[in-house]
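Order of the sequence lines fixes the chain letters, A, B, ..., with proteins taken first and strands second; residue numbering starts at 1 for each chain.
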Number of protein chains: 2
Amino acid sequence: MAGRTVREEQVSATRELILTAAERLFAERGVLAVSNRQVSEAAGQGNNAAVGYHFGTKADLVRAIARKHQVRVESIRARLLAGARGSTDVRDWVDCLVRPVLEHLAELGSPTWFARFCAQVMTDPVLQQIMVEESMTSPSLQQIVEGLNRCLPELPADVRAERGEMARHLIVHMAADRERALADNTPTPRASWHDAATGLGDVVVAMWTAPVTPTGA
Amino acid sequence: MAGRTVREEQVSATRELILTAAERLFAERGVLAVSNRQVSEAAGQGNNAAVGYHFGTKADLVRAIARKHQVRVESIRARLLAGARGSTDVRDWVDCLVRPVLEHLAELGSPTWFARFCAQVMTDPVLQQIMVEESMTSPSLQQIVEGLNRCLPELPADVRAERGEMARHLIVHMAADRERALADNTPTPRASWHDAATGLGDVVVAMWTAPVTPTGA
DNA sequence: GATAAATTAAGTCAGGTGATTGACTTAGAG
DNA sequence: CTCTAAGTCAATCACCTGACTTAATTTATC
């Protein structure tokens, strides 16, 4: 079982080809604007049904792309999490939240398409659920939430949930913006993914620690 | 010429019917997942080409929807702007930025679809440009930017641009989240649009005033 | 009232879509 | 070497799409 057979190598190469082609087309033209046929062709598969064979429906393909990246993001997050264990500094936990995704994008090299893909999927009424399922299963994310809770014990639960959503939106869409700018050769506010993560971290820390104006409840 | 003729009334009623139906379908099922045919039918037009007749392509329809709301948002913004003129309190300018959209959604009554529509359009690679064109032409937005600049003169231009983007994403996507929750009868962190705007304002103020960690530039 | 123009209705068209099918190719077990 | 099963290819299906054409309806103006 140790050595993959030639056959298995080829199949997994084909799958990878499809995943990469789909990710690029989805990011550039829109997930729903691209047909499975176009993906198959872009992946060099003469078969117009290659996507259907290997993945099933388009939602399944989207899930496969998300999962592929999530694995790598998760491992980066686990590494950062090890360094933050026990910390009472909000910044440490925010870094665990912010850096994994951007660091992953940096590792992918240029150009990337994953951030734009994520931004689309997360705003689509039907695909959104897929993304939530794939990302919320992460146990390390739960640890980060708990770490932040310990740093900010007096923050109301509602506000905590609200600001968690905000952080998620900020990370995903700012990464997508930067990715788009890189693809278009448009100037970016930050020179590198690492610097972008720093700028994002500054803001997310401020966000979590912001005073809460009481509302007429 | 003063009184609208019966004919003009009917036409504009039909256009409004189409705009409303499109907005709802787009928000619920996705802009690209809904065909012009389905919009025409949902608007009660026997003609499957009603959208084409009144608006042209789907991009034109999207633009018309955006513009319709933008007019109202703009008037609310102008009102708030009058009260903030000359202020050196970041909060005043942030309110000018945050409240108009959410207040507009509150005025629309329940249910609304505009926020989800915006979130989708702003993340789509081809429709995004339409939204930018429609919203960035607002002169009042420029005034808010200048007001914030006067409050935060030492903030680097790059960081200013970066945080402007962040505020935009936060407003649009948090509004969409809340709208979705209301539509699904899911609990929301805030009881009203006004309270949601307060929570958003707390965060956006903290964001603009957050210290900037120097990067190795 | 009659007429011309604009709106709505209804039908048609070529093209693209997902899904299914069967034939062909190839790796690996007996 | 042969056989089997998985992967690939190519063709086909019914369906939906946007665009177009034609007819019916309605209204403003003469």
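- The stretch residues 33-55 of chain B participates, sequence neighbours left out, in no ring pair (Phe, Tyr, Trp, His ring centres under 6.0 Å) pair at all.
- Every residue two or more places apart in sequence or in another chain was checked for a salt bridge (Lys or Arg N to Asp or Glu O under 4.0 Å) with B:Arg160, and none qualifies.
- In this structure, B:Glu41 places its CD atom 16 Å from P of C:dT8, rounding to the nearest Å.
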ask   = Just by protein heavy atoms under 4.0 Å, how would nucleotides 9-19 of chain C read 5' to 3' in B, S and -?
value = BBBB----BBB
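- Residues from residues 15-29 of chain B lying near DNA chain D, meaning a heavy-atom separation below 4.0 Å, are absent.
- Contact annotation: B:Tyr53 does not reach the phosphate of C:dT8 (side-chain N/O to OP1 or OP2, under 4.0 Å).
- Counting only residues at least two apart or on different chains, the ring pair (Phe, Tyr, Trp, His ring centres under 6.0 Å) pairs with a member in residues 60-83 of chain B are B:His69-B:His104, B:His69-B:Phe114.
- Ion pairing between a basic and an acidic side chain is recognised when a charged N comes within 4.0 Å of a carboxylate O; A:Arg91 and A:Asp95 show such pairing.
- A ring pair (Phe, Tyr, Trp, His ring centres under 6.0 Å) check over residues 167-193 of chain B, counting only residues at least two apart or in different chains, returns the pairs A:His169-B:His173, A:His173-B:His169, A:His173-B:His173, B:His169-B:His173.
- For residues 118-127 of chain B, the set of pairs meeting the side chain to side chain donor-acceptor pair (under 3.5 Å) definition, not counting sequence neighbours, comprises A:Thr123-B:Thr123.
- Sequence neighbours left out, not one pair with a member in residues 37-55 of chain A passes salt bridge (Lys or Arg N to Asp or Glu O under 4.0 Å).
- Note: CZ (B:Phe55) to P (D:dA19) measures 15 Å, nearest angstrom.
- Among residues two or more places apart in sequence or in another chain, the salt bridge (Lys or Arg N to Asp or Glu O under 4.0 Å) test is passed with B:Asp158 by none.
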